[in-house]
Amino acid sequence: MLLQFATGEPFATGVAPYVYQPVSSRETAHRVILNVQIGSFPTQAYLDTGAVYFVCAPEIAKVLDLRPTDKLEDERLVFRGRVYQGGLYRLPLTFAAGYGESLEVEVTAFIPQLHPEDEWPIEFPCIAGMSGCMERVRFALDPLDENIYFGHLTA
Amino acid sequence: MKTAVRSNRAEPMAERQPAVEVNGDHSRKGQRVLLDPASFWDQLAHAAQSGDAQAFVTAYQAIDWTTRSPAEFARAIHWALTTGAHLTARALATAGAAQYPDDAELQKAARILAPPRLLRRLPADPTIRANHDWLRAHRLDYPGQWVALRNGQLLASSDSLQALTAICPISPDILFTKVF
């Protein structure tokens, strides 16, 4: 069942189960892990409302067909107290629903370009940050059933 | 703080900009003391260099952007991103693209930094729960591994995503993720 306002207007148009597990071998904290699809590549991202953009691991970037014309080059992102060099892209990202409608949204994505001596500190495939990614998605979590309800603000 | 008494050089900018009083000093021989508009740009550059996002936003708000060139917009967008002032970067890109519709770099920046946009609605994927059940049941069996799952069934696992996609080509019905 999807959520509605008192007026009958939908709050959410899709609901998806999420996984609540650690996202790294170095951390024990659990995160909300969502199923997403970058273009035609289905993977997972953890939700981080304190982060910006949709952040992709360098490994993922290698298997994506990214167009260099849609890239702001040589940008830097401060991540966990360190500055990482990379590119900002505009990518189609689908938030997969298990019931209702999945949403395909065009988001801003940061993809790091690591030097040989650099190590990307994130072991998980992707991070769904707020600004540039989740900021136009209305969402609510149900921790009991581990479901995320979502809808786009233009819904 | 760098200050300047109103001068002929600063006049055109000062007329377009609100007067800024420095430390409550309203007069010097009857003249109002204003910040030189050029100093706002210096402050912007300094804030970017020192990574001070709040100072960057303050300087950004004080600048009259209607007089700035495409190159200055582009530089300020880069500084904003470097400083972590992401929404200011978006505001600069939007304003720059509107002011210079023929500038390809500013148009690209505005497109990439724009708020997320709904492209389309798609059918639900009923296999999500089956894949999650597998991840919950087997997370300790494949720590740090990439796995390829289809409808709750493990297709393959590997240390690297590239090796995994060589075995299981990318397909919308296969989930590629890492297990912890």
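Order of the sequence lines sets the chain letters (A, B, ...), proteins ahead of strands, with each chain counted from 1.
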**Q** Looking only at atom types and distance, does a side-chain atom of A:S40 sit under 3.5 Å from a main-chain N or O of B:P172, one as donor and one as acceptor?
**A**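 Checked: no pair found.
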**Q** Answer with yes or no after comparing the ring centroid distance for B:H132 and A:Y18 against a 6.0 Å cut-off, counting only values under it.
**A**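 Ring centroids of B:H132 and A:Y18 are no less than 6.0 Å from each other.
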**Q** Minimum heavy-atom separation for B:P123 and A:S102, please, with both atom names.
**A**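 Result for this residue pair: O-OG, 3.1 Å.
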**Q** Do the ring planes of A:F124 and B:F180 sit parallel (below 30°), tilted (30 to 60°) or perpendicular (above 60°)?
**A**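 Plane angle between 30° and 60°, so tilted.
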**Q** Measuring from atom CD of A:E135 to atom CG of B:L87, what distance do you get when rounded to the nearest 0.5 angstrom?
**A** 6.5 Å
**Q** With no hydrogens and no angle check, is any side-chain donor or acceptor of A:R90 less than 3.5 Å from a backbone partner on B:A114?
**A**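 Yes; judged by distance alone, with no hydrogens or angles, the pair exists.
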**Q** Just by distance, no angles: are the side chains of A:N35 and B:R129 close enough, under 3.5 Å, to form a donor-acceptor pair?
**A**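 No.
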**Q** Report which part of A:Q21 has an atom under 4.5 Å of a heavy atom belonging to chain B: side chain, backbone, both, or neither.
**A** side chain
**Q** Which heavy atom of A:Q44 sits nearest to which heavy atom of B:T177, and what is that distance?
**A**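 Result for this residue pair: OE1-OG1, 2.7 Å.
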**Q** For A:E123, is it the side chain, the backbone, both, or neither that has a heavy atom closer than 4.5 Å to a heavy atom of chain B?
**A** both
**Q** Among B:D173, B:L122, B:T83, who wins on heavy-atom pairs under 4.5 Å with chain A?
**A** B:L122
**Q** Would you say A:Y99 has more than 12 foreign heavy atoms packed within less than 6.0 Å of its OH?
**A**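 Check fails, neighbour count at 12 or below.
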**Q** Heavy-atom distance under 4.5 Å to chain B: side chain of A:S24, backbone, both or neither?
**A** backbone
**Q** Among the options A:K62, A:M134, A:E59, pick out the one with the most heavy-atom pairs lying under 4.5 Å from chain B.
**A** A:E59
**Q** Do A:Y53 and B:L113 make a side-chain contact, defined as non-hydrogen atoms from C-beta onward lying under 4.5 Å apart?
**A** yes
**Q** Please confirm whether the backbone N or O of A:L72 pairs with a side-chain atom of B:K108, one donor and one acceptor, at under 3.5 Å?
**A** no
**Q** Taking atom CD as the centre, does A:Q85 end up with more than 12 heavy-atom neighbours from other residues, nucleotides or ligands that are less than 6.0 angstrom away?
**A**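 Enclosed.
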**Q** Any side-chain heavy atom of A:P125 within less than 4.5 Å of one from B:W146?
**A**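 A:P125 reaches B:W146 side chain to side chain.
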**Q** Show your working on salt bridge (charged side-chain N to carboxylate O under 4.0 Å, His left out) between B:R136 and A:E146 and close with a plain yes or no.
**A** CA-CA 12 Å; B:R136 284 190 191 93; A:E146 295 189 350; 3.0 Å; yes
